[in-house]
Enquirer: 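Okay, here's the structure, questions in a sec.
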Amino acid sequence: MSAARARSTPGAVYDAHCTRCPRLAAFLERTRREHPDYFAHPVPSFGAARPRILIVGLAPGMHGANRTGRPFTGDHAGILLYRTLHEAGLATGAVSHSARDRLRLLNTRIANAVKCVPPANRPSPVEIRRCNAFLAAEIHELSQVAVYLALGRVAHAAVLMALGLSSGRYPFAHGREHRLDATHWLLDSYHCSRYNTATRRLTPAMFEAVLSRACERAGLPHPGRAAG
Ligand code: SF4
C-alpha cells in the first residue's frame, strides 16, 4: 500500500444519522426545527464513484450545502467552484442548483473535512478529528484518486490526517503541489469562500490555474491547455 493511503481503513464513508459530535448534532436538530425544508443532516460527498481528483472543502454552509444536501450547492462558495469545474471539463454544467438536478462530475468528487454544518462555519479541532474517520474511509475506498485538492488550511490538514501524514512536512500554501508518493499529489488552494473571492485573495484565474494543475497531475485533459 502506498504511503498516501497508509492510514485509511475500510469502513462507513457516510452515515446520514451520525451524532458523534454532540454540539453539531444539537445544532442540526435546532436547524431542522427552524428550517423544516432544509436537508440538515451530515452532507454526503458528491461526484464520480471512481474519481482521479478528490476535492476537499471545509464543511457545509448553513444556507448552502446544509440546505440543499450537496457540497458547495446553494451558496456563494459553489459559484466559482462549479463554474471552474465545468470549464475544466470536470462537470456537465456550470451551476449546481440542487441535489436533484442532473449535474454530474467527471473524474472528480467533492468531500468535506466535516460533514455537519458547524455554528459560525467553525468546526472545533475535536470535531474535525472525529469526522476525519469518514474522510479516511472514503479515501481508502477511492483507490483511483491521484490528486487531493484541498480548499483551505483545514481541508489540507484533514487530508494529511486521513492519510496519516505529518502536516509539518507538507505546509499549506496556495498553489503548492506536494508530492506524497509516486502516484499521489496534494494540491492546495485558498477556499473559494465569499470572503476570499470578494477580497480577491482568490481570483477566478488563480483557481483555474490550480484546477488545471490538478488535471495535469491526475493525467486528465484540460480544455485550457488544449491550444498550448
Ligand atoms: S461532523 Fe462528522 S463525525 Fe461529527 S456528527 Fe457530523 S458526520 Fe458525525
Side-chain angles (χ1 to χ4, degrees), residues 5-49 51 53-78 81 96 98-100 105 108-142 145 148-165 167 172 186 191-195:
R5 299 188 64 228
R7 175 182 169 261
S8 307
T9 52
V13 296
Y14 177 65
D15 176 358
H17 302 288
C18 179
T19 55
R20 286 185 208 176
C21 303
R23 184 181 79 114
L24 301 188
F27 189 58
L28 276 179
E29 203 176 316
R30 197 161 71 240
T31 303
R32 285 193 291 272
R33 278 200 308 273
E34 292 171 1
H35 302 279
D37 54 327
Y38 278 26
F39 180 77
H41 282 88
V43 174
S45 301
F46 168 61
I53 299 172
L54 179 66
I55 298 173
V56 180
L58 170 59
M62 176 65 183
H63 303 293
N66 178 58
R67 175 171 61 84
T68 62
R70 179 191 283 171
F72 291 91
T73 297
D75 62 10
H76 192 86
L81 175 60
S96 178
S98 82
R100 287 180 298 283
L105 299 188
T108 304
R109 191 170 175 86
I110 303 173
N112 273 322
V114 172
K115 291 187 181 297
C116 295
V117 58
N121 213 24
R122 284 175 192 261
S124 71
V126 70
E127 288 160 354
I128 294 168
R129 272 201 302 280
R130 269 196 210 109
C131 210
N132 199 255
F134 288 110
L135 182 62
E138 184 162 13
I139 284 175
H140 183 88
E141 300 288 322
L142 300 175
V145 169
Y148 306 103
L149 172 53
L151 303 184
R153 284 176 195 279
V154 173
H156 167 95
V159 170
L160 291 172
M161 194 190 307
L163 295 169
L165 298 174
S167 49
F172 175 87
L186 168 60
H191 192 283
C192 42
S193 64
R194 179 191 292 271
Y195 177 83

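Counting convention: from 1, in listed order, for ligands and their atoms alike.
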Enquirer: Write out the residue and atom name of the closest protein heavy atom to atom 2 (Fe) of ligand 1, then the distance separating them to 0.1 Å.
Expert: C131 SG, 2.3 Å

Enquirer: Please confirm whether H191 and F72 have ring centers closer than 6.0 angstrom.
Expert: yes

Enquirer: Looking at F172, does the NZ or CZ of R153 lie under 6.0 angstrom from its six-membered ring centre and within 45 degrees of the ring axis?
Expert: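 Geometry flag: not set, cation outside 6.0 Å or 45°.
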
Enquirer: What is the closest protein heavy atom to atom 4 (Fe) of ligand 1, and at what distance does it sit?
Expert: C21 SG, 2.3 Å

Enquirer: Could you please spell out the steps behind the side chain to side chain contact (heavy atoms under 4.5 Å, CB included) verdict for E127 and C116?
Expert: CA-CA 9 Å; E127 288 160 354; C116 295; over 6 Å; no

Enquirer: Answer yes or no for C116: is there an N/O/S atom below the 2.8 Å cut-off from atom 6 (Fe) of ligand 1?
Expert: yes

Enquirer: According to the interplanar angle, ranging from 0 to 90°, do the rings of H41 and F39 count as parallel (below 30°), tilted (30 to 60°) or perpendicular (above 60°)?
Expert: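 If you compare the ring of H41 with that of F39, the planes turn out perpendicular.
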
Enquirer: Give a yes/no verdict on whether any heavy atom in R20 is under 4.0 Å from an atom of ligand 1.
Expert: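 Judged by the 4.0 Å heavy-atom criterion, R20 does count as contacting ligand 1.
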
Enquirer: Determine, step by step, whether E138 and R109 satisfy the salt bridge (Lys or Arg N to Asp or Glu O under 4.0 Å) criterion, reporting the C-alpha distance in whole Å, the side-chain angles of both residues, the deciding distance to 0.1 Å, and the verdict.
Expert: CA-CA 11 Å; E138 184 162 13; R109 191 170 175 86; 2.7 Å; yes

Enquirer: With a cut-off of 4.0 Å, which atoms of ligand 1 are near a heavy atom of L24?
Expert: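 Per the distance check, 1 (S).
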
Enquirer: May I ask you to list the atoms of ligand 1 that are less than 4.0 angstrom from any heavy atom of V114?
Expert: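 Per the distance check, 1 (S).
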
Enquirer: Pick one: which of L160, L163, V56 meets side-chain contact (heavy atoms from CB on, under 4.5 Å) with Y148?
Expert: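 When side-chain contact (heavy atoms from CB on, under 4.5 Å) is applied between Y148 and each of L160, L163, V56, only L163 qualifies.
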
Enquirer: Which protein heavy atom lies closest to atom 8 (Fe) of ligand 1, and at what distance to 0.1 Å?
Expert: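 Nearest neighbour among protein heavy atoms for atom 8 (Fe) of ligand 1, to 0.1 Å: C18 SG, 2.2 Å.
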
